[in-house]
Amino acid sequence: GNSVTQMEGPVTLSEEAFLTINCTYTATGYPSLFWYVQYPGEGLQLLLKATKADDKGSNKGFEATYRKETTSFHLEKGSVQVSDSAVYFCALSDIRYGNKLVFGAGTILRVKS
Amino acid sequence: DAGVTQSPTHLIKTRGQQVTLRCSPKSGHDTVSWYQQALGQGPQFIFQYYEEEERQRGNFPDRFSGHQFPNYSSELNVNALLLGDSALYLCASSSLTEIGNQPQHFGDGTRLSIL
């Protein structure tokens, strides 16, 4: 079945550092890919998405590129802020299975001032 | 524009009891999905409702059941609660007409604790 693997955390960075969170996926079809963010005590918020190979999703300084050849969707940000501290989830959905989301385990990001 | 709303926010139950969680989808959305998020893990798909019927189901036992009402709101019922049912239960809504690449919108969840 479809699955998502994320790098383990926590990831601890200083403010203004460069961020990469790795995400790879396994899917038999052509899934859509998403990054969601979860702040403490809250639900999930969509951060960005990409629906086909070579698409780049971007939002709030974060970006990720759908790489079919490496089955990856790594999240990057050039300069993190303390307010970016949260849990980040990579996810996929496959139209053949409706739009249910398959999530990775999540990566905790801690940004120090 | 109200987003996805869930109630209650927190709930404490004991083993063997039954619980009902509620969800109102975002305006304009007709599909509701439920997810279970155990502590420190990613959400796991429970089931999805559209037109008052269960369309898809994840790998959860029959103790987990649901319902969707004509106004698209939904309930998640869990019977014979186990300690392992302690989790954050998330509701997500979407529009079936934009299936596949349409991101789901999530509520803030119900934190269920089983004693």
Side-chain angles (χ1 to χ4, degrees), chain A residues 1-10 21 23-25 27 29-53 55 57-59 64 66 73 86-108, chain B residues 2-7 9-10 21 23-26 29-51 53-60 66 87-111:
Chain A
N2 295 342
S3 66
V4 174
T5 302
Q6 291 181 233
M7 64 185 288
E8 288 191 23
I21 300 177
C23 170
T24 58
Y25 67 91
Y30 301 95
S32 295
L33 301 175
F34 306 88
W35 277 100
Y36 280 86
V37 58
Q38 186 174 38
Y39 298 99
E42 298 184 11
L44 302 177
Q45 298 177 25
L46 177 69
L47 184 57
L48 52 84
K49 69 171 185 177
T51 58
K52 62 183 186 298
D55 267 3
S58 61
N59 186 29
Y66 189 141
F73 193 55
V87 184
Y88 292 81
F89 292 95
C90 184
L92 67 80
S93 71
D94 188 331
I95 193 170
R96 297 174 303 164
Y97 303 109
N99 64 346
K100 76 172 187 180
L101 288 161
V102 176
F103 287 90
T107 303
I108 297 172
Chain B
V4 179
T5 58
Q6 293 186 243
S7 63
T9 54
H10 294 87
L21 311 182
C23 171
S24 292
K26 180 178 165 58
H29 286 179
D30 54 16
T31 303
V32 173
S33 302
W34 288 92
Y35 294 81
Q36 180 195 66
Q37 186 181 13
L39 196 62
Q41 298 183 23
Q44 299 290 317
F45 176 76
I46 303 175
F47 42 54
Q48 183 181 83
Y49 277 83
Y50 171 70
E51 289 190 336
E53 291 192 1
E54 184 182 292
R55 295 184 65 245
Q56 279 189 284
R57 189 178 183 90
N59 189 24
F60 279 80
L88 180 67
Y89 288 84
L90 295 165
C91 173
S93 72
S94 57
S95 172
L96 193 66
T97 57
E98 300 181 31
I99 201 168
N101 58 13
Q102 171 66 23
Q104 296 181 38
H105 295 253
F106 284 81
D108 285 341
T110 294
R111 173 72 63 187

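Sequence lines set the chain letters: A, B, ... in the order given, protein chains first and strands last, and positions in each chain run from 1. All values derive from a computational prediction rather than experimental measurement. The basis for the numbers below is simple: all heavy atoms, side chains too, and nothing from hydrogens, waters or symmetry mates.
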TODO: Check the surroundings of atom CD in A:Glu8: do more than 12 heavy atoms from other residues, nucleotides or ligands lie under 6.0 Å from it?
DONE: no
Open item on the list: Please classify the contact between A:Leu46 and chain B as side chain, backbone, both or neither, with a heavy-atom cut-off of under 4.5 Å.
Closed with: side chain
TODO: Identify which part of A:Gln45 has an atom lying under 4.5 Å from any heavy atom of chain B, answering side chain, backbone, both or neither.
DONE: neither
Task: Which atom of A:Lys100 lies closest to which atom of B:Gln104, heavy atoms considered - done: CA-NE2, 3.9 Å
Task: ring pair (Phe, Tyr, Trp, His ring centres under 6.0 Å) against B:Tyr50, all qualifying residues, sequence neighbours excluded - done: none
Task: Between B:Phe47, B:Phe106, B:Phe45, the one whose heavy-atom pairs under 4.5 Å with chain A are most numerous - done: B:Phe106
Task: Toward chain A, the part of B:Gln41 with a non-hydrogen atom under 4.5 Å - done: backbone
Open item on the list: To check you understand the geometry: which heavy-atom pair defines the closest contact between A:Gly43 and B:Asp108, and what is its length?
Closed with: N-OD1, 3.2 Å
TODO: Work out which heavy atom in A:Phe89 is nearest to a heavy atom in B:Gln37; give both atom names and the distance.
DONE: CZ-NE2, 3.2 Å
Open item on the list: Return the CZ to CG distance between A:Phe103 and B:Leu90, rounded to the nearest 0.5 Å.
Closed with: 8.0 Å
- [ ] For the pair B:Tyr35 (side chain) and A:Leu101 (backbone), establish whether a donor and an acceptor sit closer than 3.5 Å, ignoring hydrogens and angles.
- [x] yes
- [ ] Evaluate whether atom OH of A:Tyr39 has more than 12 neighbouring non-hydrogen atoms of other residues, nucleotides or ligands under 6.0 angstrom away.
- [x] yes
Open item on the list: Can you list everything that forms a ring pair (Phe, Tyr, Trp, His ring centres under 6.0 Å) with B:Tyr89? Sequence neighbours excluded, please.
Closed with: none
TODO: Compare every heavy atom of B:Leu88 with every heavy atom of A:Glu42, then report the nearest pair and how far apart it is.
DONE: O-CD2, 4.5 Å
